[in-house]
Amino acid sequence: MTANGIALFETPIGCCGIAWGERGVVGVQLPEARERDARARLRRRFPAAREGTAPPEVQRAIDGIVALLRGEARDLDDVRLDMEGVPAFDRRVYEVARSIPPGATLSYGEIAARLGEPDAARDVGQALGRNPFSIVVPCHRVLAAGAKLGGFSARGGLRTKLRLLSIENAPVKGTLPLFERR
């Protein structure tokens, strides 16, 4: 996973970043409150990459992420990811997570069961904690048992996870919807 380029882009919830290489997207940076913070974090992750204009394929990914964070039910399945260097188990976890549509959730245990490894819920959580493709691999849609929030290792922690789930109108046990539906 070698990044050739990085770009920052504004979303309704803050400045995000994306990194790409010849084989596809190598990383996505969740929103930061300030552009300089997003840039600094992205540069730490991908120090050799140059900031520039995203190629058309990456721009489509950016457009999809922005739309999703605006509340549109967008599917990002067509975003090509460079998973070179990603462990095989993590790849399998990411593939299942990518199958979760906006507004829906699965538990760590349900993903483990879909992988044919029902005792691997903790390993699923660890794989998602290493997810370099946040939002494209929607780890925020994976909950603890009983539809509880569980953890979230990305910037902002559970607050960011809850915010992403609220944008998608996903039900989470013990929380109220952001807006009342009529």
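Nothing here was measured: the structure is a model prediction, and the numbers come from that model.
- Once rounded to the nearest 0.5 Å, the distance linking CD1 of I18 with CD of Q59 reads 9.0 Å.
- The minimum heavy-atom distance linking F89 with A120 is given by the pair CZ-CB, 4.3 Å.
- L81 is not listed as a side-chain neighbour of V86, based on a closest heavy-atom distance of 4.5 Å or more.
- Taking 4.5 Å as the limit, every side-chain heavy atom of V142 sits out of range of all side-chain heavy atoms of V93.
- Taking CG of D82 as the start and CG of N4 as the end, the distance is 9.5 Å to the nearest 0.5 Å.
- A distance of 9.5 Å separates CD1 of I111 from SG of C139, quoted to the nearest 0.5 Å.
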- Message: Between E51 and F46, is the side-chain contact (heavy atoms from CB on, under 4.5 Å) condition met? List the steps.
- Response: CA-CA 10 Å; E51 191 167 342; F46 305 102; over 6 Å; no
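- Remark: R39 CZ to E32 CD distance equals 12.0 Å, nearest 0.5 Å.
- Taking every heavy atom of both residues into account, A121 and A112 meet most closely at N-CB, 3.7 Å.
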- Run the numbers on L115 and V124 for side-chain contact (heavy atoms from CB on, under 4.5 Å), then give the verdict. CA-CA 10 Å; L115 295 173; V124 167; 4.2 Å; yes
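- The local environment of CZ in R50 is sparse, with at most 12 non-hydrogen atoms from other residues, nucleotides or ligands closer than 6.0 Å.
- Scanning both residues, G17 and L42, for their nearest heavy atoms gives CA-CD2, 3.8 Å.
- Rounded to the nearest 0.5 Å, atoms OG (S99) and CG (L106) are 6.5 Å apart.
- When atom types are taken as modelled, the side chain of N131 and the backbone of V137 share a donor-acceptor pair closer than 3.5 angstrom.
- For A19 against I6, the heavy-atom pair with the smallest separation is CB-CG2, 3.7 Å.
- Using a 4.5 Å heavy-atom cutoff, the side chains of L143 and Y108 are not in contact.
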With a cut-off of 3.5 Å and sequence neighbours excluded, list every side-chain donor-acceptor pair involving residues 65-77.
from, atom 1, to, atom 2, distance (Å)
R70, NE, E72, OE2, 3.1
R70, NH2, E72, OE2, 3.0
E72, OE1, R74, NE, 3.4
E72, OE1, R74, NH2, 3.3
D75, OD1, D77, N, 3.0

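- Judged as a salt bridge (charged side-chain N to carboxylate O under 4.0 Å, His left out), the pairs with a partner in residues 131-143 (not counting sequence neighbours) are, in order, R141-E168.
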- Yes or no on side-chain contact (heavy atoms from CB on, under 4.5 Å) for E95 and R98, after CA distance, side-chain angles and deciding distance? CA-CA 5 Å; E95 288 168 9; R98 287 187 86 184; 5.8 Å; no
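- In this structure, CD1 in I167 is found 4.0 Å from CD1 in I13, a value given to the nearest 0.5 Å.
- Sorted by first and then second residue, the pairs that involve residues 111-128 and meet salt bridge (charged side-chain N to carboxylate O under 4.0 Å, His left out), not counting sequence neighbours, are R92-E117.
- For the pair R45/P132, a side-chain contact is recorded, criterion being any heavy-atom separation below 4.5 Å from C-beta on.
- Residues C16 and Q29 are not in side-chain contact: their nearest non-hydrogen atoms beyond the backbone lie 4.5 Å or more apart.
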